[in-house]
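For the numbers below, each heavy atom of this structure counts, side chains included, while hydrogens, waters and symmetry mates do not. The structure presented is a predicted model; accordingly, all values stated were derived computationally and were not measured.
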Amino acid sequence: MEKSCSLLIHFDKGTPALANEIKEALEGSDVPAKVDAMKKAVMLLLNGETLPHLFITIIRYVLPSEDHTIQKLLLLYLEIIEKTDSKGRVLPEMILICQNLRNNLQHPNEYIRGVTLRFLCRLNEVDIIEPLIPSIMSNLEHRHPYVRRNAILAVMAVYKLPQGEQLLADAPEKIENVLTTEQDPSAKRNAFLMLFQCAQERAINYLLTHVDRVSDWGDLLQMVVLDLVRKVCRTNKGEKGKYIKIIISLLNSPSAAVVYECAGTLVSLSSAPTAIRAAANTYCQLLQSQSDNNVKLIVLDRLNELKSSHREIMVDMIMDVLRALSSPNLDIRRKTLDIVLELITPRNINEVVLTLKKEVMKTQSGELEKNGEYRQMLIQAIHSCAVKFPEVASTVVHLLMDFLGDNNVASAIDVVVFVREIIETNPKLRVSIVTRLLDTFYQIRAARVCSCALWIIGEYCISLSEVESGIATIKQCLGDLPFYSASEEGEANDSSKKSQQINSTTVSSRRPAVLADGTYATQSAASETAFSPPTVVQGSLTAGNLRSLLLTGDFFLGAVVACTLTKLILRLEEVQPSKVEVNKATTNALLIIVSMIQLGQSSALPHPIDNDSYDRMVLCVRLLCNTGNEVRKIWLNSCHESFVKMLSDKQMRETEEIKAKAQISHSQPDDLIDFYHLKSRRGMSQLELEDAVQDDLKRATGEFVKDETDANKLNRVLQLTGFSDPVYAEAYVTVHHYDIVLDVTVINRTKETLQNLCLELATMGDLKLVERPQNYTLAPESSKQIKANIKVSSTETGVIFGNIVYETSNVFDRMVVVLNDIHIDIMDYISPAVCSDAAFRTMWAEFEWENKVAVNTIIQDEKDFLDHIIKSTNMKCLTALSALEGECGFLAANLYAKSVFGEDALVNVSIEKQADSKLSGYIRIRSKTQGIALSLGDKITLKQKGGS
C-alpha cells in the first residue's frame, strides 16, 4: 500500500535497496552515505515497504546528527511512518520523537527550527503535538522571519485539528497581535491567512481598519485579501459595495498576479459595466505587458468569457485585443482572431479590416517560418468580415488576389473561395474582379485554385471583351498544341523495309488528319507504324500553368477547362454579332478539347484519362457542335442558380448557429423583481447602482435560473448497493471537464454502530483517484456523505468500481459490500463543433485510428436514422440540409465534435435503403487517439438501433 508524502519522489523499482545495506550505512559516520541511505529508506517506505527494524537505528544514529540535509530527510521519514496502532493510540516509541522535536524547536539554528515547524503542519496526532505547544508559541517572537512565518503556519495547522481550539484557545488573538506588529511580508501574509481561515471576523475587522493601506501591502498579502473578499461577498452579497472598492484600488498593483486575480474577482462579483470595463482593460494590459505565451493564452480565455457574457463592453476593446497579433505564436493569433470576429460591428469594421490588411502585407516578408499558415488565418478572417459587411470587400479583395499564386495551397484556396463569394454578393465589384483575375491567372500554380478560378471566369465573364479575354487567357496558359508529338525511330539500314510497308498500305489506309494549325492533311495508317511511342511536348519556357498541370495527368482540371471554354463560347454566341468570329472561336475550343482527350488516350502519360473527365469533355464537344436552347439555359443559368442557393444555405446555417449559441433564459412567473427606480439610493456608489440594475435585468430575463433542472439531477443519481444490503449507498455523479466528483451517500441500515467504514474505489481507463480513502464511524440508522474526486486525462469510456468495508463490535472479520460499477459516459466530454469541409478532409486523411461500425437498426428512414445518430453522439452535422433533401435511397453525411481535451472526433455516415426498406451501410469514426474512436464506436453500436 503506497503512502502519501508532501514531497513527490521518483522511485526506480528495478534496483530496490536492501534493509541491511541501509542499516549499515546509517550506523556509519560517513555523512553522504547516511544521506543516500535515508533517501533509499524514504523511497522504500513510500512504495509500501514497512522496514520495522530501521526505526531504532534511525533514533540512535540519525537523530543526533547536526547535518541539515539529514535532519530534513529525518522529518520526511517521520512524516511517512505509522505513529499510531490499530486502535488509533500513539505508539510508545513516539515519545523519543517528541523530545527530539522539542529540542529542534529550541535549536539555535533558525533553519532547523523552521523545517521542524513546517513538519508540525503535517502532523495530525494531538498526543505528539500537545507537549510542543509552548515551544511553538515561543517561536512567534523569534528574531528571524523564516522561523516566525513557519511558526504561524504551525499554529494554524494545530488550531484546525479536531481538538485544536482546546489546545490553542487564544491563538487568533495572539496571531492578530503578531499581524499588527509584523514587518516581514511572508509572515504577515501567513498571519492574515490564519485569521481568514480560523477567525474570519478578525480578518475582516483588520482589513476594514486598514482599508486605506491595502494598496501598499505586499503582493502575497494582497492575494489573500482577494480570497477573503471573494468568500465574504459570496456569503453576504449585501456587503459587496465596500469590498469592490478594495478590489478596484488593487487594480493598480505592480504585481501582474494580483492584477489578474483582481480582474477575475471583479467579474465574478459584479455585473456593473464600470467593473466589467475595468476588468477588460486590465486583461488587455496584461496581454501587452506579459511575454509568456501561456499567460497570454490564459488572458485570451478570460477575454473570450467576457465576450460571451458582456459583448457590448468588449466591442469597445476590440482594437486593444487586436494588438495581441504582434505575438509570433500561432495559437495566440488564432484565439485573438476568433474573439475579434465575434466583436465586429459597423462602427469598428473599417479599423479591424485595415489592421488585418496590414498584417497580411507583413506576411509577404517571409521572415517567419509559419507566415503561410498565418496568412491563411488572416484571409479567412477577412473573408468572414466581408461576408458580414459586404461594403468592406472592395478594400481587400484586390490585395488578396495577389496571393492566388501563393506557395501555401491552403491559403490560395481560401483566397479564391473568398473571391468567388464576393463576386456574387457584390455585383459592383464584378468587372474589376474579373479583370484582375484574368491578369493574374497565369500566376496560379495549384490545380484546385485553377479549377475554382476557371469556374469564376466561365460564370462571370459576360461582356464581349471579357469573354474574348477569358478565351485568350485560357489559350495562352495551355500553350501551343498539340500536347504530345511522335518522333521518328529506326535506322537507315531498314528504311527500305519501311518504305515497302508504307507503299503497300497507302492506297487502302489513307484518311484525313487535323494538323496543329487547324487545317486538314492526308495521313496513312502505315505512317503511324513508322513512329515511336508519343512523347509529351512541354512547350517553351513561357508555357502556361494549365499546360504544366495537364501534363502531370490532372484530367479533372482538363474537364474544368473544357466546361469553361464551352460556357464562354455559348456566351460569345449571345454577345458577338459576327458568326465568323464565333465559328473560329468554336473551332479553336473544339481543337483544344479534342487535343486533351487525345493526350489522355495516348501512351504519353503513365495514367490514362479517367472515365468521368472523358465523358465530361465529350459532352462539351457535342454541345459545341449542336446547341439547343434548353441546354444553353442549363449551362448558362442553372449552374449560377445552384451557387446562389448554396450561399444562401450557408448563410442560413451560420444564422442558426448564432441563434443556437445565444443564451436563452426565462424567468419564472413568481420570481422576485426589484425595480431600480423605486430603490433607495442613499449611501450607494455609482458602481453599486449599476450592479443593482444588472442584477435586476438578469433576474427579469431569467439568467439566474440554474442550468440543471431537478429532473436532470435525478438522472445522475446511481444506486451502488441493493436495498437488502446492511449498508445502502448511492452516488450523485458530477462531471466537470477534467474532474469527476462522486457525492456518495452511505446509510447504515442496521441497529449496530459500524466502525472503520471505508469507501474503497478503483478505476479502469484514463481515470485516477485523487484522494486516499478515510475511515468513518457510522451510528445505527445514520447516514454519511462521502466525496471522492477523480481526475480524467482523456476522452475514453472509464469504469469506477469498488466496495464498502466496515467492522462491527460483534464480528471480528471485516465485512465487505461490493458496489455496482459506475460507467463514465464519453458524451460528458464531447460537444458539437464546426469546421470547414477542407479542414474535415485534411483531418480525415491525417488521423490514423478508424473504427468502422456496420449499420444495424430498426429505423427505416435515412434522415430519421441520421438524426438519431446525431442526438446519440452529441455531434454536429457538417453536411448542408440542402444536400440531404430528396428521396433517393442513399445518404452520406459528415459529423464533427470536439472533446474538452482538444481531441477531434470525425464521423462519416453512409447508408443505403434496401429493397426490403431496411437500412444498410457503415458508420466510420476517425480520431487521432484510439480511445475516442473505440468509445464512440461502442456508443453508436449501443444506440443505433433506435428508441433509446
Side-chain angles (χ1 to χ4, degrees), residues 149 152-153 156 159-160 172 175-176 178-180 182 185-286 298-299 301-303 305-306 309-310 313 683-695 698 704:
R149 72 177 72 132
I152 295 167
L153 290 176
M156 181 172 68
Y159 193 80
K160 282 183 175 180
I175 296 297
E176 188 175 8
V178 169
L179 181 60
T180 308
E182 184 59 63
S186 296
K188 202 164 186 175
R189 175 257 181 197
N190 290 351
F192 190 81
L193 180 65
M194 189 273 172
L195 293 180
F196 166 37
Q197 295 190 357
C198 303
Q200 189 171 304
E201 285 301 320
R202 289 179 181 270
I204 293 170
N205 291 335
Y206 181 82
L207 175 62
L208 296 179
T209 307
H210 301 82
V211 69
D212 297 330
R213 295 166 54 192
V214 172
S215 55
D216 299 328
W217 292 350
D219 55 346
L220 294 174
L221 183 53
Q222 287 175 345
M223 295 287 277
V224 183
V225 167
L226 288 172
D227 287 339
L228 174 64
V229 168
R230 274 196 293 265
K231 185 175 181 182
V232 171
C233 290
R234 282 176 185 146
T235 54
N236 190 358
K237 293 184 179 180
E239 297 185 2
K240 251 194 317 191
K242 56 186 176 186
Y243 292 108
I244 285 180
K245 292 174 187 173
I246 297 173
I247 299 170
I248 291 177
S249 70
L250 289 176
L251 283 175
N252 299 319
S253 170
S255 168
V258 172
V259 170
Y260 173 80
E261 286 297 326
C262 275
T265 305
L266 262 183
V267 173
S268 65
L269 296 182
S270 175
S271 303
T274 306
I276 301 302
R277 195 171 287 109
N281 272 319
T282 302
Y283 285 140
C284 290
Q285 288 169 11
L286 288 171
I298 292 168
V299 171
D301 285 336
R302 300 292 83 77
L303 286 170
E305 291 169 5
L306 279 184
S309 52
H310 304 280
I313 295 168
M684 293 179 73
S685 64
Q686 181 62 30
L687 188 65
E688 290 175 275
L689 289 171
E690 289 179 11
D691 216 14
V693 173
Q694 294 298 319
D695 286 352
K698 285 185 176 181
F704 283 154

Item to check | Side chain to side chain, Ile247 and Leu269, heavy atoms closer than 4.5 Å | outcome: yes

Checklist outcome for this item: Note: Val259 and Ser253 closest approach over all heavy atoms is CG2-O, 3.2 Å

Checklist entry - When Phe192 is tested against each of Asp227, Ile175, Val225 for side chain to side chain contact (heavy atoms under 4.5 Å, CB included), which residue passes? => result Val225

Item to check | Distance (rounded to the nearest 0.5 Å) between Leu226 CG and Glu261 CD | outcome: 6.5 Å

Next on the checklist: Any non-hydrogen side-chain atom of Phe196 less than 4.5 Å from a side-chain atom of Arg202?
Outcome noted: no

Checklist outcome for this item: On a heavy-atom basis, the closest approach of Val299 and Tyr283 is CG1-O, 3.2 Å

Next on the checklist: What's the separation between atom CD1 in Ile248 and atom OG1 in Thr274, rounded to the nearest 0.5 Å?
Outcome noted: 7.5 Å

Checklist entry - Does a side-chain heavy-atom distance below 4.5 Å link Leu193 with Arg189? => result yes

Checklist entry - So do the side chains of Leu266 and Leu251 get within less than 4.5 Å of each other, counting heavy atoms only? => result yes

Item to check | Close side-chain approach of Ile204 to Gln200, heavy-atom, < 4.5 Å | outcome: yes

Checklist outcome for this item: Ser215 and Ser249 have their tightest heavy-atom pair at CB-O, 4.4 Å

Next on the checklist: With a 3.5 Å distance limit and no angle check, can you tell me whether Gln222 reaches the backbone of Val214 through a side-chain donor-acceptor pair?
Outcome noted: yes

Checklist outcome for this item: When every non-hydrogen atom of Ala280 is compared with those of Leu303, the smallest separation belongs to O-CD2, 4.2 Å

Next on the checklist: What I'd like to find out is whether the side chain of Ser186 reaches to under 4.5 Å of the side chain of Leu220, using heavy atoms alone.
Outcome noted: yes

Item to check | Test log, rule salt bridge (Lys or Arg N to Asp or Glu O under 4.0 Å), inputs Glu182 and Lys188 | outcome: CA-CA 6 Å; Glu182 184 59 63; Lys188 202 164 186 175; over 6 Å; no

Checklist entry - If every non-hydrogen atom of Lys160 is compared with every non-hydrogen atom of Cys198, which pair is closest and at what distance? => result CG-SG, 4.1 Å

Item to check | Aromatic ring pairing Trp217/His210, orientation class (parallel under 30°, perpendicular over 60°, tilted between) | outcome: tilted

Item to check | Asn190 side chain vs Arg149 backbone, donor-acceptor pair below 3.5 Å | outcome: yes

Next on the checklist: Can you confirm whether Leu221 sits close enough to Pro185 that some side-chain heavy atom of one is under 4.5 Å from a side-chain heavy atom of the other?
Outcome noted: no

Next on the checklist: Using 0.5 Å steps for rounding, measure from the CG atom of Leu195 to the CG atom of Leu207.
Outcome noted: 11.5 Å

Next on the checklist: Between Ile313 and Leu306, is there a side-chain heavy-atom distance shorter than 4.5 Å?
Outcome noted: no

Checklist entry - How close do Ala279 and Val267 get, heavy atom to heavy atom, and via which atoms? => result CB-CG2, 3.6 Å

Checklist entry - Just checking, is any N or O donor in the side chain of Arg230 or Tyr243 under 3.5 Å from an acceptor N or O on the other one? => result no

